[in-house]
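Structure first, commentary second.
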Protein chains: 2
Amino acid sequence: MPRVLSPEVSVVDGRKQKVLATLIDDYIATAEPVGSRTLARKYAFGVSPATIRNEMADLEELGYLEHPHTSAGRIPSDKGYRYYVDRLMRPSALDPDVIEQIRATYRVRVRELQWFIHQTARLVAEMTAYPTVVLAPPLHEARLWDLRVVAIEPETVVLVLRTDTGIIQNRTLALPEGLDAKDVAAMAADFTTRFRGTLLAELQERVLDGLSHQLGHSWRLWEELLGWLAEAPDEAERVTLGGALNILNYPEFRDVSKVRRVLSFLETEAAIDSLLTRRPEHGVLALIGSEIDREDIQDCSVVMASYELGHKVVGTLMVVGPKRMEYRRVYAILETVSEELSRVLNWA
Amino acid sequence: MPRVLSPEVSVVDGRKQKVLATLIDDYIATAEPVGSRTLARKYAFGVSPATIRNEMADLEELGYLEHPHTSAGRIPSDKGYRYYVDRLMRPSALDPDVIEQIRATYRVRVRELQWFIHQTARLVAEMTAYPTVVLAPPLHEARLWDLRVVAIEPETVVLVLRTDTGIIQNRTLALPEGLDAKDVAAMAADFTTRFRGTLLAELQERVLDGLSHQLGHSWRLWEELLGWLAEAPDEAERVTLGGALNILNYPEFRDVSKVRRVLSFLETEAAIDSLLTRRPEHGVLALIGSEIDREDIQDCSVVMASYELGHKVVGTLMVVGPKRMEYRRVYAILETVSEELSRVLNWA
DNA sequence: CTTAGCACTCGGGGCATGGGAGTGCTAATT
DNA sequence: AATTAGCACTCCCATGCCCCGAGTGCTAAG
């Protein structure tokens with residue numbers, strides 16, 4: 001008859017914690033269910049397998065471990081991982097080399113936001129060896145700062161849109177007959193003074209409301225121009241994916257259909273967005289397996305962090321991998337990268 | 001004792017051709033080795049399996065078919081596919097709907113080249129159901145047309161680079177102290193008049209030769225500016241990949257390691273470049289299995305077509321899939337898409 | 001409380017077996 | 001001479017079986 005265990009107290013028991021932590025570390029490293037003998041031999045526990053066996057049985061009863069089948073070792077449950085992440089794992093100190101690599105990435109001449117986002121996705125994917133998603137600030141939430149016109153040819157101009165978050169989009173535009181670049185430049189200047197500071201989302205709405213009629217300028221041109229303004233926020237590439245193929249390195253994804261599930265998830269903007277409700281304002285946060293409320297990637301974990309621009313939280317980094325993820329390392333990397341990224345974006 | 005067959009003549013034999021064509025069609029559709037019985041029953045041949053068997057044995061001896069093992073049906077050899085592509089397959093007429101879908105994609109307001117390339121990759125990947133790569137014209141081969149400066153803030157400007165092929169890149173630049181936007185604009189104008197028409201590759205070289213010294217303007221700014229010009233061609237994203245996940249739908253890629261081989265190939269610019277030596281100037285070309293001289297994707301086929309800009313061949317479309325590819329359909333789609341794309345890029 | 005001992009469970013690898021698909025040859029048919 | 005029926009043969013592969021080993025859970029002794 002099993003001992004009766006009062007849940008929270010017993011896990012606090014030092015040895016149980018050590019067993020759980022060690023088991024999870026081992027399982028993260030090997031992807032094989034861990035047995036009592038392995039645990040006792042491989043790590044210096046100073047107790048016999050039988051003792052460990054008892055502890056493991058308790059941990060299972062408490063819901064921290066599971067049994068794929070009778071004669072296999074144990075694997076962590078979602079609850080087990082959660083406990084590990086919240087209480088057990090020692091924060092990992094990044095190697096100075098690694099920190100230097102991160103800093104070096106951002107130690108560059110002035111670049112545009114999109115460049116930083118790309119580099120970040122690439123960097124984190126490479127360093128963690130998991131697929132990584134970086135979300136750019138949604139253009140809808142940005143405010144118009146500046147609309148400029150560059151004459152390129154008599155009948156062609158380039159529009160340069162700049163927002164308060166420093167995002168720049170440009171777009172070539174053919175001029176309707178009878179207008180030259182100067183007219184357009186004047187219109188743009190007028191437009192800028194009128195609407196500087198307005199949310200792009202709001203402008204978008206107003207366009208649909210027929211803003212162009214009220215402006216009195218050349219009707220057709222404004223239609224095009226405002227049409228573009230209205231489209232720009234939707235067209236902007238918000239999700240940047242790095243190292244998608246990393247997923248193929250993990251044995252839990254030896255099955256092609258699982259690979260498809262995860263990769264389609266990562267390529268679907270709406271899917272990624274659905275995770276954003278959980279985004280942490282500060283620090284790093286993990287969603288483990290069933291904590292993600294989407295069926296398609298229930299056997300994955302997601303680790304997220306935010307970054308700031310103009311001292312406001314605007315974007316997100318996400319690392320996606322098997323539940324058996326190297327949380328320690330990923331936490332450390334995301335912490336450092338999100339800090340450094342925020343720093344460079346805030347020109348500090 | 002097998003009959004002696006003079007190679008080229010005998011394949012011309014009508015029935016052998018029909019057997020070969022039908023077998024390949026069936027294999028393309030099913031991915032299963034095709035046996036004589038299946039062939040005779042499923043398609044109205046009017047002869048018995050035994051006869052087909054003889055034909056198949058001949059075709060194998062001639063090198064057009066292979067035998068995975070004694071008791072399996074036949075599959076086409078690379079030579080067989082080649083013969084099929086060159087002589088056997090009837091060109092497929094695209095459905096009017098499909099043609100309309102292609103046209104509609106390009107029936108848009110003025111856009112930049114990069115937009116067309118993205119759309120094309122997406123469109124072809126969706127229509128063929130294979131991964132698709134679109135190559136942009138290499139910036140090295142473009143000529144400087146225009147360098148413009150837009151003042152954004154007192155100490156920040158946006159540079160807009162335009163080439164003869166209409167490619168636009170822009171870049172934010174922080175001004176060194178003591179310079180204002182007007183100075184820079186003047187410099188840029190000067191630069192444009194001096195170097196309009198020069199190959200970017202050449203400019204790149206000259207930069208390395210210390211061009212900035214000769215220009216006499218503010219030394220530091222030119223360094224930055226020219227540094228950017230020198231980098232731009234290398235940074236430009238030349239390879240656009242669409243529908244990478246399509247590869248997962250084909251049973252020959254049920255094995256994750258094969259998926260990895262193909263997808264890493266597609267993500268490696270240098271690898272893609274190595275195929276370019278075979279790019280056709282006109283029309284559509286297939287490389288089948290061993291005809292691709294790279295080991296990593298020997299069990300794939302690549303179908304390519306070029307597109308024109310300014311009436312010069314500058315870029316390439318590639319569809320990548322298993323050797324058992326739907327050549328008919330892919331040929332038809334690539335033909336139409338490359339024509340329509342060239343048309344829209346040439347403003348016709 | 002810990003541990004040795006031991007019976008028990010279960011998944012998976014190895015091996016034999018049989019069925020089925022397909023071939024290739026021969027001989028008969030047209 | 002070409003076609004086809006017949007048939008023996010080959011070989012893959014799914015199935016079932018057995019056995020091994022890893023791991024457990026219980027009991028009883030230290």
Side-chain angles (χ1 to χ4, degrees), chain A residues 1-5 9-10 13-20 22-23 26-27 30-62 64-77 251-252 254-255, chain B residues 1-5 9-10 13-20 22-23 26-27 30-62 64-77 251-252 254-255:
Chain A
M1 182 181 295
R3 288 163 284 173
V4 176
L5 302 159
V9 176
S10 20
D13 164 317
R15 194 172 60 191
K16 269 194 189 44
Q17 290 193 336
K18 193 174 169 205
V19 169
L20 183 55
T22 316
L23 188 146
D26 193 74
Y27 184 67
T30 65
E32 299 287 337
V34 187
S36 54
R37 166 175 251 102
T38 327
L39 218 48
R41 196 175 344 121
K42 207 156 145 189
Y43 307 89
F45 263 96
V47 294
S48 79
T51 309
I52 305 230
R53 213 141 55 223
N54 288 328
E55 301 285 29
M56 279 168 42
D58 291 350
L59 286 166
E60 182 173 354
E61 207 191 335
L62 293 167
Y64 297 100
L65 295 181
E66 339 189 305
H67 233 177
H69 57 261
T70 330
S71 72
R74 257 85 172 194
I75 63 175
S77 66
E252 30 274 276
R254 208 171 306 137
D255 180 2
Chain B
M1 180 181 296
R3 287 165 284 172
V4 177
L5 301 160
V9 177
S10 17
D13 164 317
R15 195 171 59 193
K16 270 193 187 48
Q17 290 193 337
K18 193 175 169 206
V19 169
L20 183 56
T22 316
L23 187 146
D26 193 74
Y27 184 67
T30 64
E32 298 288 337
V34 187
S36 53
R37 165 175 253 105
T38 327
L39 218 48
R41 195 175 345 119
K42 206 157 146 190
Y43 306 90
F45 263 96
V47 293
S48 78
T51 309
I52 304 225
R53 215 142 51 223
N54 288 327
E55 300 286 28
M56 280 169 41
D58 291 350
L59 286 166
E60 182 174 355
E61 209 192 333
L62 292 167
Y64 296 100
L65 295 180
E66 352 189 292
H67 232 177
H69 54 82
T70 331
S71 72
R74 256 86 173 195
I75 63 174
S77 66
E252 28 274 277
R254 208 170 307 137
D255 179 2

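Every chain is numbered from 1, with letters handed out A, B, ... down the list of sequences.
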Checking contacts here: which listed nucleotide ([options]) is nearest the side-chain heavy atoms of [X]?
X	options	result
A/Arg15	D/dG23, D/dT4, C/dT2	C/dT2
B/Thr51	D/dA5, D/dT3, D/dT10	D/dT3
A/Asn54	D/dG25, D/dT24, C/dT3	C/dT3
B/Met56	C/dG22, D/dC11, C/dT23	C/dT23
A/Arg53	C/dG5, D/dC11, C/dT23	C/dG5

Starting at [atom1] of [X] and ending at [atom2] of [N], how long is that distance when rounded to a whole Å?
X	N	atom1	atom2	result
B/Leu23	C/dG22	CG	P	11 Å
B/Ile75	C/dT23	CD1	P	13 Å
A/His69	D/dG25	NE2	C1'	15 Å
B/Glu55	C/dG24	CD	C1'	15 Å
A/Lys16	C/dT2	NZ	C1'	13 Å
B/Glu60	C/dG22	CD	P	15 Å
A/Ile52	C/dA4	CD1	C1'	15 Å
A/Asp58	D/dT24	CG	P	13 Å

OP1 or OP2 of [N] under 4.0 Å from side-chain N/O of [X]:
X	N	value
B/Ser48	D/dT4	yes
A/Thr38	D/dG23	yes
A/Arg74	D/dG25	yes
B/Ser36	C/dT23	yes

- Query: Under 3.5 Å, side chain of B/Thr38 to main-chain N/O of B/Val34, donor-acceptor pair present?
  - Reply: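 Looks like no, no N/O pair under 3.5 Å.
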- Message: Distance check, rounded to the nearest 0.5 Å: B/His69 atom NE2 versus B/His67 atom NE2?
- Response: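 One gets 8.5 Å once the value is rounded to the nearest 0.5 Å.
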- Any side-chain heavy atom of A/Leu23 within less than 4.5 Å of one from A/Met56?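 They are in side-chain contact.
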- Message: Regarding D/dG23, can its base be found pairing with the side chain of A/Arg37 as donor and acceptor, where the two atoms are less than 3.5 Å apart?
- Response: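 Side chain to base: no pair below 3.5 Å.
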- Task: State whether the distance check finds a donor on one side and an acceptor on the other, under 3.5 Å, for side chain A/Ser71 versus base C/dC10.
- Result: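 A donor-acceptor contact between them is present.
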- Decide side chain to side chain contact (heavy atoms under 4.5 Å, CB included) for A/Thr51 and A/Arg15; before the verdict, give the C-alpha distance in whole Å, the side-chain angles of both, and the deciding distance to 0.1 Å. CA-CA 10 Å; A/Thr51 309; A/Arg15 194 172 60 191; 3.5 Å; yes
- Please step through side chain to side chain contact (heavy atoms under 4.5 Å, CB included) for the pair A/Glu66 and A/Ile75, ending with a clear verdict. CA-CA 5 Å; A/Glu66 339 189 305; A/Ile75 63 175; 4.3 Å; yes
